[in-house]
Amino acid sequence: MDYLSLLQLAEQTALSAGAILREGFGGSFSIANKEGRHNLVTEYDHRSEDCIISAIHSQYPEHSFLAEESGASGNEAISVRWIIDPLDGTVNFAHSIPLFCVSIAAEIAGEIVCGVIYQPLLNELFSAVKGGGAFLNGNRIYVSSKMNLEDAILVTGFPYNVSDNPNNCIDHFSAFLRLGVPIRRLGSAALDLAYTAAGRFDGFWEARLNPWDLAAGMLLVSESGGIISDYHNNPYHFGTEHIVASNGLIHDEMLTVIKSIKSAAL
């Protein structure tokens with residue numbers, strides 16, 4: 001399979017889906033609640049997802065899909081699976097906050113081979129192909145060169161059941177704050193990872209994410225020179241409860257802070 005052909009299709013499709021989101025942003029549309037507090041879905045989540053799946057299916061009718069809104073579909077016996085978040089940052093979108101994106105990745109035999117994250121309001125297209133580097137609007141990007149956690153800026157997010165403090169997410173946030181580390185919370189894990197890949201953030205951590213939140217962003221970080229692991233410094237894989245992504249230089253320091261919070265949940 002030609003990875004570059006898959007990437008080009010992902011890029012074209014992300015641009016089309018992004019145009020749909022750009023059209024709907026700030027307008028009037030239906031909003032519904034999914035399971036979990038503040039877990040929203042809009043008609044534009046569905047319109048974007050339909051656009052993406054239709055475009056890919058028309059070119060590769062034999063491929064399968066894992067998408068946030070429609071779940072698993074297609075022929076799972078085929079080795080190529082597309083992992084799609086049609087609108088990452090739905091809560092932001094629904095409140096007219098301009099921080100959201102489209103995320104599309106292709107997986108072959110359990111390995112992400114290409115990924116795209118598109119922020120339609122800024123027209124920023126982040127893309128990566130396995131072994132070929134990571135790019136922003138065609139220009140090569142790299143993770144930051146910050147050597148120490150004390151000089152870093154981090155980004156994180158929280159699960160919808162944050163009040164239950166799953167995986168000690170509140171305690172980890174507090175632990176980094178007590179070190180004086182500036183932390184941002186954008187409301188889109190895909191953008192968090194794209195911005196880490198581009199060196200805008202030095203590190204990211206979060207618990208309880210889904211494959212569509214991470215698939216494209218993970219490849220972007222690794223192809224831009226970063227490191228991804230779970231909280232124990234094991235390789236991250238879908239289904240793991242937690243993830244840390246960084247420029248690699250501050251990774252151990254981040255893990256030390258996280259592991260300083262003792263919990264059986266880790």
Side-chain angles (χ1 to χ4, degrees), residues 1-18 45 48-89 101-119 125-136 141 188-194 196-197 204 206-230 234-245:
M1 180 64 67
D2 181 359
Y3 297 168
L4 284 177
S5 295
L6 297 178
L7 178 66
Q8 289 170 359
L9 176 59
E11 290 176 333
Q12 294 164 4
T13 305
L15 293 174
S16 298
D45 292 76
S48 175
E49 185 166 298
D50 290 345
C51 168
I52 296 166
I53 292 177
S54 176
I56 296 173
H57 183 73
S58 67
Q59 187 158 337
Y60 295 108
E62 72 279 12
H63 290 183
S64 65
F65 301 90
L66 177 63
E68 180 173 13
E69 306 308 332
S70 59
S73 63
N75 186 356
E76 296 184 7
I78 300 298
S79 62
V80 182
R81 180 173 73 158
W82 294 86
I83 304 175
I84 299 161
D85 194 331
L87 172 48
D88 191 42
C101 65
V102 177
S103 178
I104 304 172
E107 177 190 57
I108 297 180
E111 186 173 42
I112 304 300
V113 298
C114 74
V116 170
I117 292 173
Y118 181 51
Q119 214 288 24
L125 182 67
F126 299 87
S127 60
V129 65
K130 181 175 172 55
F135 298 84
L136 168 55
I141 57 173
S188 166
L191 281 181
D192 294 341
L193 287 163
T196 300
F204 161 77
E206 191 168 343
R208 304 293 178 93
L209 290 168
N210 295 297
W212 48 81
D213 300 312
L214 300 170
M218 288 169 53
L219 185 64
L220 280 164
V221 171
S222 62
E223 287 294 329
S224 62
I227 291 179
I228 298 167
S229 76
D230 67 8
N234 299 312
Y236 180 86
H237 58 82
F238 294 144
T240 301
E241 284 278 296
H242 29 69
I243 185 171
V244 180

[atom1]/[X] to [atom2]/[Y] distance, rounded to the nearest 0.5 angstrom?
X      : Y      : atom1 : atom2 : answer
Glu11  : Ser16  : CD    : OG    : 12.0 Å
Ser79  : Ile108 : OG    : CD1   : 5.5 Å
Leu193 : Leu209 : CG    : CG    : 8.0 Å
Ser103 : Ile84  : OG    : CD1   : 9.5 Å
Glu62  : His57  : CD    : NE2   : 9.0 Å
Leu214 : Asp192 : CG    : CG    : 10.0 Å

**Request:** Anything under 30° is parallel, anything over 60° is perpendicular, the rest tilted; go ahead and classify Phe238 against Tyr236.
**Result:**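 Taking Tyr236 first and then Phe238, their aromatic rings stand perpendicular (interplane angle over 60°).
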**Prompt:** What's the shortest heavy-atom distance between Ala67 and Ile53, and which atoms?
**Reply:**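 Distance-wise, the nearest heavy atoms are CB-CD1, 4.2 Å.
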Heavy-atom side-chain proximity of [X] to [Y] below 4.5 angstrom:
X      : Y      : result
Val116 : Phe126 : no
His63  : Leu6   : yes
Phe135 : Ile141 : no
Asp213 : Asp85  : yes
Asn234 : Ser229 : no
Lys130 : Ile112 : no
Asp45  : Glu49  : no
Ile83  : Arg81  : yes

**Message:** Quick check against the 3.5 Å criterion: does Glu223 have a side-chain atom that pairs as donor or acceptor with the backbone of Ala134?
**Reply:**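 Between the backbone of Ala134 and the side chain of Glu223 there is no qualifying donor-acceptor contact (under 3.5 Å).
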**Asked** When you look at Val244 and Ile228, which way does the side-chain contact (heavy atoms from CB on, under 4.5 Å) test go after all the steps?
**Response** CA-CA 6 Å; Val244 180; Ile228 298 167; over 6 Å; no
**Request:** Tell me, with the steps shown, if Leu220 and Ile117 meet side-chain contact (heavy atoms from CB on, under 4.5 Å).
**Result:** CA-CA 9 Å; Leu220 280 164; Ile117 292 173; 3.6 Å; yes
**Ser188 and Asp88 side chains, donor-acceptor separation under 3.5 Å** =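 Result is yes, a qualifying pair exists.
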**Message:** Given Trp82, which partner from the list Leu9, Thr13, Leu66 fulfils the side-chain contact (heavy atoms from CB on, under 4.5 Å) test?
**Reply:**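 Result: among Leu9, Thr13, Leu66, Leu9 is the only option passing the side-chain contact (heavy atoms from CB on, under 4.5 Å) with Trp82.
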